[in-house]
There are 10 protein chains.
Amino acid sequence: MLYCVEMDVRVPHDVDPQVFERLKAEEKARAQELQHQGKWRHLWRVAGRYANISIFDVESHDELHAILSGLPLFPFMEMRVTPLARHPSAID
Amino acid sequence: MLYCVEMDVRVPHDVDPQVFERLKAEEKARAQELQHQGKWRHLWRVAGRYANISIFDVESHDELHAILSGLPLFPFMEMRVTPLARHPSAID
Amino acid sequence: MLYCVEMDVRVPHDVDPQVFERLKAEEKARAQELQHQGKWRHLWRVAGRYANISIFDVESHDELHAILSGLPLFPFMEMRVTPLARHPSAID
Amino acid sequence: MLYCVEMDVRVPHDVDPQVFERLKAEEKARAQELQHQGKWRHLWRVAGRYANISIFDVESHDELHAILSGLPLFPFMEMRVTPLARHPSAID
Amino acid sequence: MLYCVEMDVRVPHDVDPQVFERLKAEEKARAQELQHQGKWRHLWRVAGRYANISIFDVESHDELHAILSGLPLFPFMEMRVTPLARHPSAID
Amino acid sequence: MLYCVEMDVRVPHDVDPQVFERLKAEEKARAQELQHQGKWRHLWRVAGRYANISIFDVESHDELHAILSGLPLFPFMEMRVTPLARHPSAID
Amino acid sequence: MLYCVEMDVRVPHDVDPQVFERLKAEEKARAQELQHQGKWRHLWRVAGRYANISIFDVESHDELHAILSGLPLFPFMEMRVTPLARHPSAID
Amino acid sequence: MLYCVEMDVRVPHDVDPQVFERLKAEEKARAQELQHQGKWRHLWRVAGRYANISIFDVESHDELHAILSGLPLFPFMEMRVTPLARHPSAID
Amino acid sequence: MLYCVEMDVRVPHDVDPQVFERLKAEEKARAQELQHQGKWRHLWRVAGRYANISIFDVESHDELHAILSGLPLFPFMEMRVTPLARHPSAID
Amino acid sequence: MLYCVEMDVRVPHDVDPQVFERLKAEEKARAQELQHQGKWRHLWRVAGRYANISIFDVESHDELHAILSGLPLFPFMEMRVTPLARHPSAID
């Protein structure tokens, strides 16, 4: 099942930069792992913002929540989740 | 270049149903034509709403506007356009 | 899978009252049918508003959308859909 | 009487992690106690957010407020309370 | 139990004036009846708007909803309901 | 003259708890003094939130502002003030 | 006592133009009468919008509401009322 | 003096198409006249919406309001006006 | 030219009180100087909020911005600027 | 391709002033460099706010994002990006 997830990253100005850089590296590794597994189907940067628009393909709401809440940057992200259904005009 | 476009259709309750059904059929034909051309890359229904989330792949803002404003249901749609850049963690 | 759906009914003041009453009766019949099937698990009235908060239990986003968009009052309703996951502190 | 309560947890990034973990454990114990008492009737996680949607069944606004304001994580939560009435189409 | 209810009246410009005046007279009679019964405890006009802020004192959410949804102007009103608990600093 | 005032208290998580408790005690004493004087006519807790809805009865905007801005918790409160006029359907 | 009132005029596109022009003329006459009486102290046009920002100087909320709700264009206006107190840095 | 003006056109679905087309033609002629005079310095289409972002260069707020409120489509437009000052980092 | 400026002061709870009191005194002196010059024409307190509504009369957007951004409390204020034109019904 | 970008700068009150001044100087140098390259076509100050409205002319969303996210003050700015198409009434 598909979900559109929009994630905005909010970095507090007094966060420890080294800690944050390490979290970013872990986030990148985890994002790529999930893409290779086919669960994180699309990942786009929103131009001009520290944000992304993503498409997830998972089995259930529980799996989606486990993935999202386990992201290293989750404590710094605001998320909007939209469940996607098949569109009657879609050709695929 | 990629754009995320979220479209909400607002149908006035006193619109002529025959007129609207004809517009919907034209919209569907046009949407499928644009998908076959590779310009309307993804088209998903937002579950529970008369709305969609779409990804367009076009040459320029001008082309995007020409396509969107030419859709048969454009007068009944509210649109939010988000330009998408490459994400540094994307694997494709 | 569970979804929380909040539905607000907007009745245009110049709608035909007979048409609307017939739609309401059909909506009620359909709502009860879906409750008996176990798909519409909970249905509560929001006090003071022509609105409800509901819990649906269906197989997929597609099934949810088919149910919601097929409701007789769908053209008059504004919906907010929230996918629900299991809570780690829930006892059931 | 039933209330829908939506709770969002906001964790300040510079909170003491040990203090917060202890509060979370206390919150979980209290949530389960209230569920066993039948007062916290449903507790669902909102997929993708550190938030829940809950149904409470209590005697009065005063009892509801006493319960909610006494939750260990109350100082970190933003709440929206909606009183629920019986829906004329509900079958239970 | 007490509830604060804020009601905004929206009058469509093309409503039949005679019909609306009759509804207003019925609304006034009903509002006074409920005040005499002690259920509509306070009724104030919001200065500069066709709106009121009211305090209701009823037995349950169901009674509140029955009263509000039965008001003659209900189809033209937008309502916000807030359940009120006892304040620890209140002297009454 | 009557005013409806809705007050939300925002407590920064890193405020000194002893300082805040002292301010709360002072706030309570001041709230009760103003109630005894008949100026703070009603004080209700909003169920589920650290907030209140109040009715003030004072001579002028200046007196209202002097009272509100002099409350011990004023620096931590967000306020919405609504001037109330007599309602033509009120019986008192 | 002073109040800042922001008024936005919403003209339905299908209103009878003659009726509306007559209401506008009446509104202008009334606005000038109230200015001569010193009750409508300032009246400014918001650049680019069919809206004004005004300062009223009246005895009470009741007088303000009587004036505003009696304006010929009141049914077409959305109003925001802000009670103004003396500022400690004002020199007048 | 410069102003950024964002204009959204709202076309009621039951407007007379011939009347609206004539207004659009008049709007275009007027927009071009104002551009030739140097008062309407920039005019861009917002991609995907019946809206524009414009820069005006006029003598005063009064002149701006006279121009905007005199546009043939003014009754169908919602406008947001932002006064622009010189930026200390601008090179022109 | 006239501008309506609404200013909200946000005081961080952990600001140095002495520094803030000194800025407030400087702000007051500057506000009075600008009033004596006729540039800050009106200054009113919003009842119940640490905020003001002001009318400025200056030569240009640049002068307005220089004045506002030079206020001692500018870093702690959120501002909304509205350019005001002459109203056709104003008598002055 | 053209983009309208509105940037609001949020300066935390406890940021190191020397660090921030250095970032501002770097931001100014970078803004001027981009203007000389023709990529940052217009840069205006929003009167009364620490904000700007800008027009960028770049090759792609990727180039826009690289420029914006590389600005020295990017971590302190909130941005709204609007893609601009050619307007049919524009004369240039």
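We name chains A, B, ... by the order of the sequence lines, and we start the count at 1 in each one. Bear in mind that the values here come from a model prediction, so they are computed numbers and not experimental data.
Using cut-offs of 30° and 60° on the angle between ring planes, the pair H/Phe76 and G/His13 is tilted. Below 30°, between 30° and 60°, or above 60°: for G/Phe56 and G/Trp40 the angle between ring planes is between 30° and 60°, a tilted geometry. By the 30° and 60° cut-offs, the orientation of the rings of G/Tyr3 relative to G/His61 is perpendicular.
With a threshold of 4.5 angstrom between heavy atoms, H/Val15 approaches chain G through its backbone and through its side chain. Using a 4.5 Å cut-off between heavy atoms, G/Arg45 touches chain H through its side chain atoms alone. Heavy-atom distances place no part of H/Asp62 under 4.5 Å from chain G, backbone and side chain included.
In this structure, H/Glu27 does not pair ionically with H/Lys24, as no charged nitrogen and carboxylate oxygen lie closer than 4.0 Å.
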